[in-house]
2 protein chains.
Amino acid sequence: MANPIFKAVYSHPELKTADLEAIQAAHEPFGFSKGEVFLKAGQTANNYFLIETGLLRSFAHDFDGNEITTGFTGANEIMIEVASLFQRKPSVENFIALTDGVAWKIEFEDFQKLYHDIPAFNEWGRAWMSHQLFVAKQRNIDMLTKSATVRYVNLLKDKPQIVLEAPLKHIATYLGVTNTSLSRIRKEIAT
Amino acid sequence: MANPIFKAVYSHPELKTADLEAIQAAHEPFGFSKGEVFLKAGQTANNYFLIETGLLRSFAHDFDGNEITTGFTGANEIMIEVASLFQRKPSVENFIALTDGVAWKIEFEDFQKLYHDIPAFNEWGRAWMSHQLFVAKQRNIDMLTKSATVRYVNLLKDKPQIVLEAPLKHIATYLGVTNTSLSRIRKEIAT
DNA sequence: TAAGGCACTTGCCATAGGACAAGTTCTGGC
DNA sequence: GCCAGAACTTGTCCTATGGCAAGTGCCTTA
């Protein structure tokens with residue numbers, strides 16, 4: 001028992017080994033293939049996923065109907081549409097696999113049970129979500145204050161897996177540049 | 001009893017009148033003056049505030065040391081540094097009053113008690129935070145896909161109080177433009 | 001193995017918004 | 001009421017990035 005991904009994801013000082021085992025028991029592992037859809041816009045999320053290996057992309061549509069990549073989820077990360085799952089409303093984001101991989105799935109009801117039964121798990125959830133909020137706000141600042149080149153270089157440094165495995169056009173919309181520009185940035189970086 | 005701000009802020013279908021009264025009892029009202037500091041970067045938040053009247057600004061510093069306005073908090077909204085309060089770490093944001101006003105304050109410990117004693121309050125908190133996350137992500141998309149003029153017009157439409165009461169330079173950094181440009185945008189709009 | 005079609009690159013020009021600097025107006029003490 | 005400094009406007013010029021269109025290379029499928 002005790003797959004290391006659970007220790008990596010559910011990391012909170014007050015979560016004991018027994019808790020982690022109960023948590024793991026509520027998850028179910030499965031393999032997935034490139035192109036597989038995890039959640040479609042318009043559906044209400046009833047579960048979330050831990051990604052053990054592989055890479056997922058999430059995207060929404062802007063007012064003109066263009067796909068905007070909102071994020072990537074890689075190994076040891078949680079793939080979740082928080083707003084849909086916790087407010088029980090249709091998702092505006094889509095989640096799709098960019099590669100084959102392995103993930104663990106947990107149903108909302110099972111999550112709720114853990115959430116109410118294990119206080120440390122509840123605290124973990126709040127801390128995790130507050131961290132996500134922090135990251136989202138930081139991303140906002142970066143978008144407003146850093147040049148496209150700097151944003152790309154930072155992504156390369158912080159999440160090389162994405163740059164290696166995701167196609168250019170998705171990285172471009174994620175960074176808020178056209179793929180033309182990103183192509184030029186790559187060329188320039190490669191000096 | 002039952003100040004309407006509590007009904008407005010703590011809005012959740014399962015929060016009953018008795019709950020709201022217990023919640024209100026844990027808050028303390030106070031008046032504040034323009035320029036008053038609610039939380040300074042580097043401090044760890046030990047409380048949060050409901051703003052009954054008035055307007056607050058939050059800001060952080062970018063890598064060059066420039067002030068970047070990260071948000072405004074107006075009437076019937078919560079002023080909180082989520083990451084600092086729930087992860088017990090120093091804030092990177094500052095919160096300061098742009099106007100005089102009235103607010104209610106609650107200490108973290110009192111909040112924790114409500115959070116553990118009232119399940120509906122706990123659910124409310126999770127839904128509230130997931131909504132904040134949703135808003136932050138939406139803001140990201142807007143920043144990447146909308147022109148400065150459109151961003152300003154939307155702000156004007158969605159939160160006129162800010163445009164009326166906050167100085168131009170703060171609105172400018174919030175929207176990610178220079179104050180020179182915002183001044184020109186305003187002129188152009190006024191056609 | 002040919003054909004169509006993505007994904008990406010490259011060139012050329014256009015434009016939103018930035019940088020800087022010189023006003024002008026507003027505002028809060030005194 | 002007066003003054004200093006802040007807040008805002010405006011002019012001129014500049015740069016990063018977008019828009020469009022024409023490649024090039026690669027991968028899939030028949």
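Because the structure is a prediction, the values reported are computed rather than measured. Quick note on labels: first sequence line is chain A, next is B, and so on, each numbered from 1.
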>> Tell me every residue that passes side chain to side chain donor-acceptor pair (under 3.5 Å) with B/D117, counting only those two or more places apart in sequence or in another chain.
In response: B/K113
> Taking CD from B/E188 and P from D/dT10, how many angstroms apart are they, rounded to a whole number?
Replying inline: 13 Å
>> With side chain to side chain donor-acceptor pair (under 3.5 Å) as the rule and sequence neighbours excluded, what pairs involving residues 80-96 of chain A come up?
In response: A/N46-A/R88, A/T70-A/E93, A/E81-A/S91, A/Q87-B/S130, A/E93-B/K137
> Can you name the residues that form a side chain to side chain donor-acceptor pair (under 3.5 Å) with B/H12, not counting sequence neighbours?
Replying inline: none
>> Under 4.0 Å, heavy atom to any atom of DNA chain D: which of residues 146-171 of chain B qualify?
In response: B/P167, B/L168, B/K169
> D/dT10 P sits how many Å from B/N179 CG, rounded?
Replying inline: 14 Å
Would you list the atom pairs, donor with acceptor, under 3.5 Å between side chains in residues 149-158 of chain B and any protein atom, with sequence neighbours excluded?
residue : atom : partner : partner atom : Å
B/R151  : NE   : B/L175  : O            : 3.0
B/R151  : NH1  : B/K146  : O            : 2.8
B/R151  : NH2  : B/L175  : O            : 2.7
B/Y152  : OH   : B/R186  : NE           : 3.0

> Partners of A/S181 by side-chain contact (heavy atoms from CB on, under 4.5 Å), sequence neighbours excluded?
Replying inline: A/V177, A/T178
> Which residue pairs pass the side chain to side chain donor-acceptor pair (under 3.5 Å) test with at least one member in residues 27-39 of chain B, sequence neighbours excluded?
Replying inline: B/Y10-B/H27
> Can you say whether the rings of A/F108 and A/F86 are parallel (under 30°), tilted (30 to 60°) or perpendicular (over 60°)?
Replying inline: tilted
> How long is the line joining CG of B/L144 and P of C/dG17, in whole Å?
Replying inline: 13 Å
> Taking OP1 and OP2 of C/dT10, is either one under 4.0 Å from a side-chain nitrogen or oxygen of A/K187?
Replying inline: yes
So which protein N/O to nucleotides 20-30 of chain C N/O distances come out below 3.5 Å?
none

> Is there any ring pair (Phe, Tyr, Trp, His ring centres under 6.0 Å) pair reaching into residues 42-63 of chain B, and which pairs are they, with sequence neighbours excluded?
Replying inline: B/F30-B/F49, B/F38-B/F49, B/Y48-B/F111, B/F59-B/H61
>> Which nucleotide wins on minimum distance to the side chain of A/S183, given the candidates C/dG18, D/dG19, C/dC8?
In response: C/dC8
>> Nearest whole Å is fine: how far is C/dA19 C1' from B/D64 CG?
In response: 14 Å
> Which atom names give the shortest non-hydrogen contact between A/F6 and A/L20, and what distance separates them?
Replying inline: O-CD2, 3.9 Å
>> Can you see if the side chain of A/S181 gets near the phosphate of D/dG18 - specifically, an N or O under 4.0 Å from OP1 or OP2?
In response: yes
> A/L98 CG to C/dA7 C1': how many Å, rounded?
Replying inline: 14 Å
> Once you build an axis from the first five pairs and another from the last five of the helix from C/dT1-D/dA30 to C/dC30-D/dG1, how far apart in angle are they, to 10 degrees?
Replying inline: 50°
>> For a quick test of reading the model, state the closest non-hydrogen atom pair linking A/L182 to A/L168 and the distance between them.
In response: CD2-O, 3.6 Å
> Nearest-Å distance, CG (A/L175) to P (D/dG18)?
Replying inline: 11 Å
> How far apart are the closest heavy atoms of B/F95 and B/I80, and which atoms are they?
Replying inline: CZ-O, 3.7 Å
Hey, what are the protein-to-nucleotides 28-30 of chain D N/O distances that come in under 3.5 Å?
none

> Does NZ or CZ of A/R57 fall inside the cone over A/Y174's six-membered ring, less than 6.0 Å from its centre and within 45° of the axis?
Replying inline: no
> Could you give the CG-to-C1' distance, from B/L182 to D/dT10, as a whole number of Å?
Replying inline: 14 Å
>> Looking at every heavy atom in both A/A166 and A/I171, which two are closest together, and how far apart are they?
In response: O-CD1, 3.6 Å
> Taking CD1 from A/I185 and C1' from C/dC8, how many angstroms apart are they, rounded to a whole number?
Replying inline: 14 Å
>> Once side chain to side chain donor-acceptor pair (under 3.5 Å) is applied, do any residues pair with A/R184, and if so which ones, sequence neighbours excluded?
In response: none
